Amino acid sequence: MKLIAGNANKPLAEAVSAYLNVPLTQANIKRFSDMEMFVEIMENVRGEDVFFIQPTSYPANDHLMELLIAVDALKRGSARRITTVLPYFGYARQDRKTGGRTPISAKLVANLITAAGADRVLTMELHAGQIQGFFDIPLDNLIVAPVFVPQIQQRFNDEKVCIVSPDVGGVVRARALAKRLDADLAIIDKRRESAGVSEVMHVIGEIAGKVCILVDDIVDSGGTLCNAAAALKEKGAKEVHAYVVHGVLSGQAVERVENSPLEKLVITDSIAATEEIAASAKIEQLSVAALMGEAILRISEERSISALF
Ligand code: R5P
């Protein structure tokens with residue numbers, strides 16, 4: 001097996017390498033003066049089972065292009081099998097037409113990865129499970145519950161916990177976690193009563209006096225999460241915490257989280273933390289390196305991935 005890291009998340013790739021006790025194969029990824037990218041794999045990969053680790057996080061287009069060019073280099077270097085490891089699949093939110101003359105960019109990105117020469121995809125907590133069908137190559141979509149559940153159980157052992165989906169789209173994920181934790185479930189329904197009137201958050205479920213744990217796949221601007229936390233507090237939640245898989249945290253998101261009623265926001269290292277994120281006392285990162293590493297090992301040994309969950 002060969003492990004190669006793109007530039008998007010070197011710390012995660014190094015942690016996966018340490019878990020597997022497989023050194024990272026060096027790749028020279030550089031730019032020409034017009035900013036075109038160039039990738040050269042520095043070791044022989046002929047006949048190898050190669051895993052290229054690269055979340056397509058900010059700057060998404062650069063990281064995606066780097067991934068595509070690296071896959072092309074591996075293909076032309078006669079790798080036996082190329083698995084693109086995408087801890088975070090950027091563009092996933094564009095998974096359907098939202099109006100006339102709009103794209104389905106998630107499908108386009110899936111086509112690009114396949115056309116570049118990838119044989120498999122390993123990813124984690126896709127925004128919508130159906131995105132798996134956008135790829136005509138095998139795809140494994142890891143769930144992050146084995147990372148979140150032990151900490152939630154340990155931290156809130158003596159509390160009455162309610163898992164909350166911050167929008168209707170996240171109910172399946174929240175319900176699955178609530179089931180594992182044997183906890184209650186609540187849903188936030190966002191509604192604009194009429195045009196020009198600000199959004200009203202309807203909380204569906206009994207949350208008064210409980211520790212509410214918001215669960216989501218992505219925190220980007222932080223708007224969804226912070227508004228949900230405020231609504232829960234207003235309806236009598238004892239405390240509000242959040243567990244979100246992918247910490248995109250763009251723009252003023254960290255400041256927004258800092259100033260919100262959230263006690264803690266727990267994210268994973270699927271996306272490399274910026275200095276601002278790492279310095280935040282309210283944001284905590286849990287590593288998915290062992291989960292990713294174990295999945296890579298199982299793919300390489302042709303063993304079951306679902307047995308992991
Ligand atoms: C939306 O469907 C996603 O699951 C997240 O809730 C959303 O992307 C979060 O975005 P933001 O943090 O910008 O509100």
Side-chain angles (χ1 to χ4, degrees), residues 55-60 86-99 102-107 109 123-132 134 141-145 148 163-178 185-192 198-205 212-233 240-268 270-274 276-277 280 282-285 288:
T56 49
S57 51
Y58 176 86
L86 302 160
Y88 168 66
F89 180 57
Y91 280 103
R93 284 174 286 181
Q94 296 185 46
D95 59 355
R96 65 199 175 285
K97 283 186 73 164
T98 50
T102 57
I104 305 180
S105 307
K107 170 63 178 155
V109 172
T123 189
M124 197 173 70
E125 295 280 359
L126 280 171
H127 176 61
Q130 305 90 294
I131 294 170
Q132 293 171 48
F134 290 1
N141 181 28
L142 304 180
I143 58 163
V144 89
F148 283 167
I163 301 296
V164 185
S165 174
D167 54 34
V168 176
V171 175
V172 173
R173 180 177 296 105
R175 192 195 294 128
L177 200 67
L185 176 68
I187 300 161
I188 293 185
D189 175 37
K190 276 185 287 190
R191 285 218 194 140
R192 206 174 287 277
S198 67
E199 260 174 4
V200 184
M201 316 284 275
H202 297 281
V203 179
I204 305 170
C212 288
I213 300 182
L214 284 157
V215 176
D216 211 347
D217 59 330
I218 296 171
V219 49
D220 187 352
S221 68
T224 304
L225 219 53
C226 296
N227 291 340
L232 291 167
K233 280 300 269 190
V240 185
H241 298 250
Y243 281 74
V244 181
V245 184
H246 308 295
V248 174
L249 294 163
S250 64
Q252 305 303 307
V254 174
E255 196 183 325
R256 202 168 192 170
V257 168
E258 295 276 357
N259 297 328
S260 76
L262 279 171
E263 303 287 331
K264 271 263 185 259
L265 164 61
V266 180
I267 55 175
T268 76
S270 65
I271 297 174
T274 59
E276 192 190 14
I277 295 171
S280 167
K282 239 185 206 185
I283 304 176
E284 192 179 321
Q285 245 192 346
V288 292

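Computation of the quantities below employed the complete heavy-atom set of this structure, encompassing side-chain atoms and omitting hydrogens, waters and symmetry-equivalent molecules. None of the values given here were measured: they were computed from a predicted structure. Atoms within a ligand are numbered from 1 in the order they appear, just like the ligands themselves.
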Point-to-point distance, once rounded to the nearest 0.5 Å, from CG of Leu214 to OG1 of Thr224: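 Leu214 CG to Thr224 OG1: 10.0 Å, rounded to 0.5 Å.
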
Gap separating the NZ atom of Lys233 from the CD atom of Glu263, nearest 0.5 angstrom: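 So the gap between those two atoms works out to 6.0 Å.
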
Side-chain (Gln132) to main-chain (Asn141) donor-acceptor, under 3.5 angstrom: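 It does not hold such a pair.
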
Whether Lys264 side chain and His241 backbone form a donor-acceptor pair below 3.5 Å: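 Here the side-chain-to-backbone pair does not exist.
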
Set of ring-ring contact (aromatic ring centres under 6.0 Å, His included) partners for Tyr58, sequence neighbours left out: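 Here no residue qualifies.
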
Validation row: Ile271, His246 side chains within 4.5 angstrom (heavy atoms):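 They are in contact (side-chain heavy atoms under 4.5 Å apart), so the answer is yes.
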
Quick check for students: name every N or O atom pair between ligand 1 and the protein closer than 3.5 Å, with distances.
unit_1, atom_1, unit_2, atom_2, d
ligand 1, 4 (O), Asp216, OD1, 3.0
ligand 1, 4 (O), Asp217, OD1, 2.6
ligand 1, 6 (O), Asp216, OD2, 2.6
ligand 1, 8 (O), Arg93, NH1, 3.1
ligand 1, 12 (O), Asp220, N, 2.8
ligand 1, 12 (O), Ser221, N, 3.1
ligand 1, 12 (O), Gly222, N, 2.8
ligand 1, 13 (O), Ser221, N, 2.8
ligand 1, 13 (O), Ser221, OG, 2.6
ligand 1, 14 (O), Thr224, N, 2.9
ligand 1, 14 (O), Thr224, OG1, 2.5

